[in-house]
Amino acid sequence: MNLKKTVGLGLAFGLMAGAAQAQTEIEFWHAMGGQLGETVDQMAANFNASQGDYVITPVFKGTYEETLTSAIAAFRAGEQPNIVQVFDAGAATVIGAQGATVPVEQLLSDNGVAFDREDYISGVRNFYADADGQMIGMPFNSSTPIMYYNADALEAAGVTAPATWEEFAETTAPALLEAGYIPLAQSHLPWIFTENFFSRHNLQFASNDNGYTGVDTEIMVNHPAIRAHFNALTEWQEAGYFEWYGTGWGDNQDPFEAGEVAMWLGSSGSFGGIADRVDFNFSAAMLPYWEAVTTEPTQTFIGGAALFAMSGFDAAENEATAAFFDYLASTDNQVFWHVATGYVPITTAAYEAAAEQGHYEEFPAAEVGVQQLQLPAGEFTRGYRMGFYVQIRDVMNREYGRILTGETSVEDAFETIEAEANELLARFAQTQG
Amino acid sequence: MKRAAFGHISFPILLLLPQLVIIAIFFYWPAGYALQSSFYLEDPFGFGSTFVGMDNYTRLASSSSYMDAAWFTLIFTSLVTFFALAIALLLAVKADKVIRGARTYRTLLMWVYAIAPPVAGLIGVMLFDQSRGNITQLLGMMGIEYRLGVNYWDTASAMITVSIWKQIPVNFIFFLSGLQAIPQSVREAAMIDNRSGTRRFWDITFPLLAPTGFFLLIINITYSLFDTFGIVDTIVKGQPGNNPMTLVYRVFVDGFRGQDLGGSSAQSVVLMVLVLILTIVQFRFLERRIHYT
C-alpha cells in the first residue's frame with residue numbers, strides 16, 4: 001500500500017468517524033418483552049429512520065421490577081440509560097428521587113419542543129405528574145382496566161354487559177350461570193378492585209390528595225364502600241358468580257380465553273392478545289360501578305408505564321431524548337402504537353386520528369379504554385402517589401388471597417392492609433427525609 | 001513421619017492468596033456491606049440514608065408475615081432435607097444391589113441432576129398447573145380439588161415436591177459411591193453374623209455411611225434454604241400473593257422488587273447468622289458421633 005492511499009483511507013475513515021459522531025446516541029431501557037418488544041424495536045427504528053441526528057438503542061431489561069432495579073443500580077454506578085421505562089407502582093420511587101430524572105415538561109421546553117398538557121387525554125395527563133400537574137414522566141404504554149366479555153355467551157344467556165354491579169348481581173350473573181358459564185373473573189385485585197375502584201367512584205384513596213402533595217401520606221383503603229365490594233365478591237364466589245384463580249394474571253385470563261368464564265376484567269392493553277387467541281366473538285365494556293356508592297361514576301386512570309429521562313447527561317444527549325419524546329407523542333406514532341398493541345393513545349389528536357381511520361368501527365372493544373379515561377374527572381381520579389407501593393400491592397395481594405380462600409374476614413383483611421401499608425409509607429417518608 | 005515444612009511464612013500465604021482474595025471479594029465485602037446497610041434506611045437512588053439503629057431488625061420480629069415466612073421455611077427445609085435424603089438413600093441401596101443393567105439404571109437416576117432449578121420449577125408448574133397440569137387432573141379424577149397458586153398448602157406441596165425431586169439425584173450419587181466404598185470383607189462378615197437385611201443395614205451399612213450422610217445433610221439444608229429460590233420464583237411467578245415463600249425469596253421480594261434496601265439487608269444478615277449457628281451446631285454436636293475410617 002503506498003503512502004497516498006494510506007493517507008486517503010485514513011482521511012476517509014476520519015470523515016466517517018466524524019459523521020458518526022455527529023449523530024447523538026442514546027439508550028432506552030424497557031420492560032416490553034415478546035411481541036410488544038418487537039413493536040418497541042420497530043418504533044425505535046422508525047425514529048432513527050425519520051431523522052439523521054439521533055440514534056436510539058432500545059434495550060430489554062426484563063420485568064417492570066427488574067428494569068427499575070437495573071436502572072437504580074446503574075444510576076448509583078453512574079452508568080444510567082438516557083431513558084428508562086417505569087411502571088405505575090414504581091412512580092413514587094422515581095418521582096420522589098428528585099435529581100435522578102429530568103421532568104419531561106422541563107426537558108421538552110429546554111429543547112424548544114412545544115408541549116401542551118391539554119393535548120393529552122385527561123385520564124393520562126396526571127398519573128405521572130407532580131402536584132402542580134407538571135408531567136414528570138412521559139406516558140408510554142398506557143392502559144386502564146376494562147371488562148371484556150364473551151359476546152356469544154352473553155347472547156346465549158340473553159343478557160347484555162352490566163353497567164353496574166347491582167345489575168351484575170341481580171340479572172347478568174344468574175343468567176350466565178344458568179347458561180353454563182362462570183360469570184366473572186378478574187386479573188389484578190389491587191389495580192382493578194382497589195386503585196381504580198376508588199377512582200371509578202371518586203373516593204379518596206390516600207391523604208395528601210392521594211399522596212400527590214406530600215410524603216407523610218396515609219392510605220385510606222379501609223373504606224366502607226370497598227369492604228362492601230369485597231363482601232359482595234365473597235358472596236358471589238359462593239353463589240358461583242365469581243371465580244378467583246390466584247394472584248397470577250394469566251391464570252385468571254386463561255379461563256376466559258378458554259370460553260369457561262363469560263366476563264373478565266383485564267387491561268385495555270390485553271386487547272391485541274385476546275383478538276389473536278380466541279375463536280368466539282368478544283367485546284368490551286367499561287368497568288361496572290356500584291350505584292349504591294355513586295350515581296355519577298367517574299373516570300379511571302392509566303396503569304402501564306411511563307418513560308423517564310434520567311439526569312446526568314450533556315445537552316446534546318438530552319436534546320436527543322427530547323426529540324425521541326416528541327416523536328413518541330406524535331399523532332402518527334401514537335396511532336401506530338395504539339393499533340399495534342391495544343394500549344390507549346395518549347393524546348386526543350391520536351385518538352381522533354385512529355377513529356378517522358375506522359379502527360373502532362372494526363374493533364369497538366379497542367375504544368372502550370379511551371372512552372373510560374375521558375369520563376368526567378373527580379377530585380380523586382388522577383391517580384395516587386405512594387412510596388414502597390410495590391410492597392403495598394404485595395400486602396393487598398396476600399390479604400385479598402386470604403379473603404378469597406376463606407382464611408380471613410374482609411374486615412380483618414382491610415385493617416391489616418391499612419396498618420401494614422401505613423407502616424411502609426412511614427418508612428418511605430423516612431427515606432425521603 | 002516426615003514433616004514437610006516451609007522455610008518462610010510468606011510462601012504459604014502466597015499460595016493461599018488467590019483463594020483469600022476470592023473469599024474477600026465475594027463474601028466478606030458484600031457481607032460487611034449488608035451488615036452496614038441493615039442499620040440504615042436508604043433512598044433507593046442513593047441520595048440519602050438515615051441511621052435507624054436496630055429498627056430494621058425489630059420490625060422483622062414484630063412482622064407477622066415475616067414470622068409466617070420463617071415458619072414456612074422451617075417446615076419446608078425439614079421436609080425437603082428429610083425426603084431428599086431418605087428417598088435417595090433408598091434408591092442408592094436398591095441400585096447398589098442391581099447387577100444386570102446397573103449402569104443404565106444409575107444413569108437414569110442421575111439424569112435429573114442436570115436440570116437447572118428454574119427449569120425444574122417450570123416442569124413442576126406444568127405438572128401442577130391449575131387447568132392443564134397432569135397431576136392436577138390426576139388428583140381431580142380422584143376427587144381432590146388441587147389448586148396451585150390459590151390454596152396456600154397446595155402451592156406449598158408443589159414447591160416441596162419439586163425441590164425434593166430436584167435434589168434426589170445428587171444425594172443418590174454420593175450415597176451410591178459411599179455404599180460402594182464399604183469393603184466387601186465387612187459385608188461378608190456381616191452376612192455371616194446376621195441374615196436379616198434390615199438389621200445389617202442399620203447396624204453396619206448405615207453407620208459406615210454416616211460421613212457421607214453428614215456431609216449431605218449440610219449440603220441439603222443449604223440447598224433447601226438457598227438454592228430452591230428458582231423453584232419458588234417459578235411457582236409463584238414472581239408474585240407470592242397469599243402463597244408461601246421462603247426467607248431467601250422474601251429478601252428478593254423486599255429488596256429487589258420493593259427497593260427496601262435496609263429491610264432486605266437486615267433479612268439477609270438474619271439468614272447469615274442462622275446458617276452460621278446451624279453449621280456450628282452441626283459440627284460441634286453431630287460430627288462427634290461420626291467415625292471416619
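Residue numbers start from 1 in every chain, and the chains themselves are labelled A, B, ... in the order their sequence lines are given, proteins ahead of strands.
For CZ of B:F26, the number of neighbouring non-hydrogen atoms (other residues, nucleotides, ligands) closer than 6.0 Å is 12 at most. Counted within 6.0 Å of CZ on A:F60, heavy atoms from surrounding residues, nucleotides or ligands total more than 12; the atom is thus considered enclosed. Environment of CZ in B:F226: crowded, with over 12 heavy atoms of neighbouring residues, nucleotides or ligands closer than 6.0 Å. By the 6.0 Å contact criterion, CZ on A:F280 is enclosed, its count of non-hydrogen atoms from other residues, nucleotides or ligands being greater than 12. Within 6.0 Å of CZ in B:F39 there are more than 12 heavy atoms belonging to other residues, nucleotides or ligands.
The part of A:E407 that comes within reach of chain B is its side chain, from C-beta onward, which places non-hydrogen atoms under 4.5 angstrom from that chain. Proximity to chain B (any heavy atom under 4.5 Å) is shown, for A:T93, by both the backbone and the side chain. Within the 4.5 angstrom heavy-atom criterion, only side-chain atoms of B:V52, from C-beta onward, approach chain A. Contact annotation for A:W249: neither backbone nor side-chain heavy atoms come within less than 4.5 Å of a heavy atom of chain B. Heavy atoms of A:L189 lying under 4.5 Å from chain B are absent altogether. The parts of A:R427 that come within reach of chain B are both its backbone and its side chain, each placing non-hydrogen atoms under 4.5 angstrom from that chain. A:E423 touches chain B through its side chain: at least one heavy atom from C-beta onward sits under 4.5 Å away, while N, CA, C and O do not.
Comparing A:I392, A:V94, A:L404, A:V395 by how many heavy-atom pairs each has under 4.5 Å with chain B, the most go to A:V94. Across B:Q130, B:Q239, B:K237, the residue that shares the most heavy-atom pairs under 4.5 angstrom with chain A is B:Q130. Top candidate by heavy-atom pairs under 4.5 Å with chain B, chosen from A:L68, A:D254, A:T69, is A:T69. Between chain B and the options A:T63, A:L424, A:V390, A:I72, heavy-atom pairs under 4.5 Å are most frequent for A:I72. Of the residues considered (A:R393, A:M396, A:E243), A:E243 shows the highest number of contacts with chain B, using heavy-atom pairs under 4.5 Å. Per-residue counts of heavy-atom pairs under 4.5 Å with chain B were compared for A:R76, A:E65, A:Q391; the largest is that of A:R76.
Here the straight-line distance linking atom CD of A:E420 with atom OG of B:S64 works out to 5.5 Å at 0.5 Å rounding. To the nearest 0.5 Å, atoms CG (B:N243) and CZ (A:R398) are separated by 12.0 Å. The CD atom of A:Q98 sits 12.0 Å away from the CZ atom of B:F45 when rounded to the nearest 0.5 Å. A distance of 13.0 Å separates OG1 of A:T405 from CH2 of B:W153, quoted to the nearest 0.5 Å. The OG1 atom of B:T50 sits 6.0 Å away from the CD atom of A:Q430 when rounded to the nearest 0.5 Å. Between atom CG of residue B:D260 and atom CZ of residue A:F428 there is a gap of 10.5 Å, rounded to the nearest 0.5 Å.
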Verdict with reasoning, A:D394 to B:R257, per side-chain contact (heavy atoms from CB on, under 4.5 Å):
CA-CA 10 Å; A:D394 284 343; B:R257 265 168 55 81; 2.7 Å; yes
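Across every non-hydrogen atom of A:Y245 and B:V150, the tightest pair is C-CG2, 3.4 Å. Contact detail for A:F388 and B:G258: the closest heavy-atom pair is CD2-O, 3.4 Å. When all heavy atoms are compared, the tightest approach of A:A100 to B:F47 is N-CZ, 3.6 Å. The shortest non-hydrogen separation linking A:T247 to B:G241 is OG1-CA, 3.6 Å.
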